[in-house]
Protein chains: 2
Amino acid sequence: MELRSFIPAYYRLAEDLKTRIESGELKPGDIIPSETQLATQYGISRMTVRNGLSLLSKAGYITSFQGKGCFVAAPQMDRMYFYFSEHTLLGENKKLESRLLTVDVLAADPKTAVKLQVPADSRIVQIRRVLSDVDGPVALDHRVLPYIKGAPLLEKEIEYAAFPELVSRHTELASARNNISVQACVLMKEEAKLLKSKVGFPALCIEQIIYSRDDRPLGWSKMICRGDRFALKAVSEPYSERL
Amino acid sequence: MELRSFIPAYYRLAEDLKTRIESGELKPGDIIPSETQLATQYGISRMTVRNGLSLLSKAGYITSFQGKGCFVAAPQMDRMYFYFSEHTLLGENKKLESRLLTVDVLAADPKTAVKLQVPADSRIVQIRRVLSDVDGPVALDHRVLPYIKGAPLLEKEIEYAAFPELVSRHTELASARNNISVQACVLMKEEAKLLKSKVGFPALCIEQIIYSRDDRPLGWSKMICRGDRFALKAVSEPYSERL
DNA sequence: GAGTGGTCTAGACCACACA
DNA sequence: GTGTGGTCTAGACCACTCC
């Protein structure tokens, strides 16, 4: 009964190995001691060792091969990720203000109908907003949802909810997937005016489609972001920071 | 000894629950049967149940709380990821051809020196390429590495290696992190010429910095991608497909 | 055949939540 | 107090790899 050790044995093992990997003592490709060796070294049972190794494996530090051993993994540097939510578009600190332009229920034009996979003239809800920070407008937001009778949209939701949430609540269908496409474009006349920029200036066009579990599009959104005010930042996940 | 069941018990349990979650029978927020219940239901030991649940937890389907139970998790739709490698820029099928423009060893200009955190006039290696598919040029690539005496770059590597790999091999330091920034820009004169496009046309500027474990920049790259030929696509990771 | 990881058991005690 | 998940044990047999 050791009072000084609040950390579980498997966790201690994982942190030890993690440190040895991060320090460079154990390099990618190196084999790590076998489970039985680690068990005797640490004076713990093999299942506990496996628990610890499972942590490291989950976090991407090691990979194991049956019959061969457990090896230090090379960090994956081509898998990039980012958080896409208008609240964190510019970083954690910078807040975006939302100003509602229009909310309309109208017939879907052909292009929108294709995106949402609905009949060509069925009714849709269209929301248009301007997002700004203290230095002025940053992005133009255009959201489209299928119109659902008896499913009112709350003004608060319309103005402040993240798109996936909005879609989920509106359709009452659990949305399951979010696809984003980022393209370069230049500002058109109306866009430039609303963004207080100039025609022909570069901008990012970020399209977002929310899908249901059975792959039906539940919502489509297009954001036009001023190129001089916004950059999308992604980082690789070499190893999970947390074990 | 059952010959018909090649799949392990824990895996069968995990797939069962996964199916029940994906079908909507178990909704986000719902509690799943306790470990002891599952153990008796499936006629397996509790540790085996835990093994199965750990899979589901790893894949993002469930979250467990000590003393409370195990609950179906809501898919995270704001965490987006994509693979960034010039070989898969346009999708799995489309191959990009690389044409080398220049390889130079020269003194770092102030801007580059800042990016690489090296002295202002220290020597750097600069590589410039054009990437094309069958329909013509797609992107312009500009890579910068610190010059290291006695570390020759192989021509094959220069032309075909992914940037993180190139950096790793060149510096002989395990690179650990990759940061990417995506911005909108318009084509300048020389860029337009090389990409067979026109000045002022929209383009994506993708900057990449590879860091070592101790957060020193090991390489910097800038890609200019024709806006009409390229879109960056990212998807959310609601649940891992594979268990 | 010896060593590796993968699966599995039948117990145990603990920390925690809730009533 | 009862039930939950979290940790841990000391075994066991298996599939696999390599010699």
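By convention in this document, chain letters (A, B, ...) are assigned in the order of the sequence lines, proteins followed by strands, and residues within each chain are numbered from 1.
Within a 6.0 Å sphere centred on CD of A:Q41, other residues, nucleotides and ligands contribute more than 12 heavy atoms. Surrounding CD of A:E97 are at most 12 heavy atoms belonging to other residues, nucleotides or ligands under 6.0 Å away.
Between the CD1 atom of B:I62 and the C1' atom of D:dT4 there is a distance of 14 Å, rounded to whole Å. Rounded to whole Å, atom C1' of D:dT7 lies 18 Å from atom OH of A:Y42. Between A:F65 atom CZ and D:dC18 atom C1' there is a gap of 16 Å when expressed in whole angstrom units. At whole-Å resolution of the value, CZ in A:R50 and C1' in C:dT9 are 14 Å apart. Taking atom CD1 on B:I44 and atom C1' on C:dT9, their separation rounds to 11 Å, with Å as the unit. Computed from coordinates, the B:Y11 OH to C:dC8 P distance equals 13 Å when rounded to whole Å. Atom CG of A:N51 is separated from atom C1' of D:dG5 by 13 Å (rounded to the nearest Å). For the pair B:M47 CE and D:dT4 C1', the computed distance is 16 Å after rounding to whole Å.
When each of B:R128, B:R129, B:R99 is checked for a side-chain contact (heavy atoms from CB on, under 4.5 Å) with B:D141, only B:R129 meets the rule.
Figure legend: cation-pi geometry between B:R79 and A:Y81, with NZ or CZ positioned under 6.0 Å from the six-membered ring centre and within 45° of its axis.
Nearest-nucleotide mapping onto DNA chain D: of B:K68 and A:A9, the residue sitting toward the 5' end is B:K68.
Counting all heavy atoms, side chain and backbone alike, A:Q208 lies closest to A:I180 at CG-CG1, 3.7 Å.
Of the candidates D:dT9, D:dG6, D:dC13, the closest approach to any side-chain atom of A:R46 belongs to D:dC13. Of the candidates C:dC16, D:dC13, D:dT9, the closest approach to any side-chain atom of B:Q66 belongs to C:dC16. Considering only side-chain atoms of B:Y10, the nucleotide from C:dC8, D:dC8, C:dG5 that sits closest is C:dC8.
A sub-4.0 Å separation between OP1 or OP2 of D:dT4 and a side-chain N or O of B:Q37 is present. OP1 or OP2 of C:dT9 lies within a sub-4.0 Å distance of a side-chain N or O belonging to B:T48. At least one side-chain nitrogen or oxygen of A:S34 sits closer than 4.0 Å to the OP1 or OP2 atom of C:dT4. OP1 or OP2 of D:dG6 sits under 4.0 Å from a side-chain N or O of B:S64. Within the structure, every side-chain polar atom (N or O) of A:S45 is placed at least 4.0 Å from both OP1 and OP2 of D:dG11.
Among the protein residues, B:L53 comes within range of no part of the nucleic acid, since none of its heavy atoms lies under 4.0 Å from any strand.
Partner assigned to C:dA19 is none, using Watson-Crick or G-U wobble distances below 3.5 angstrom.
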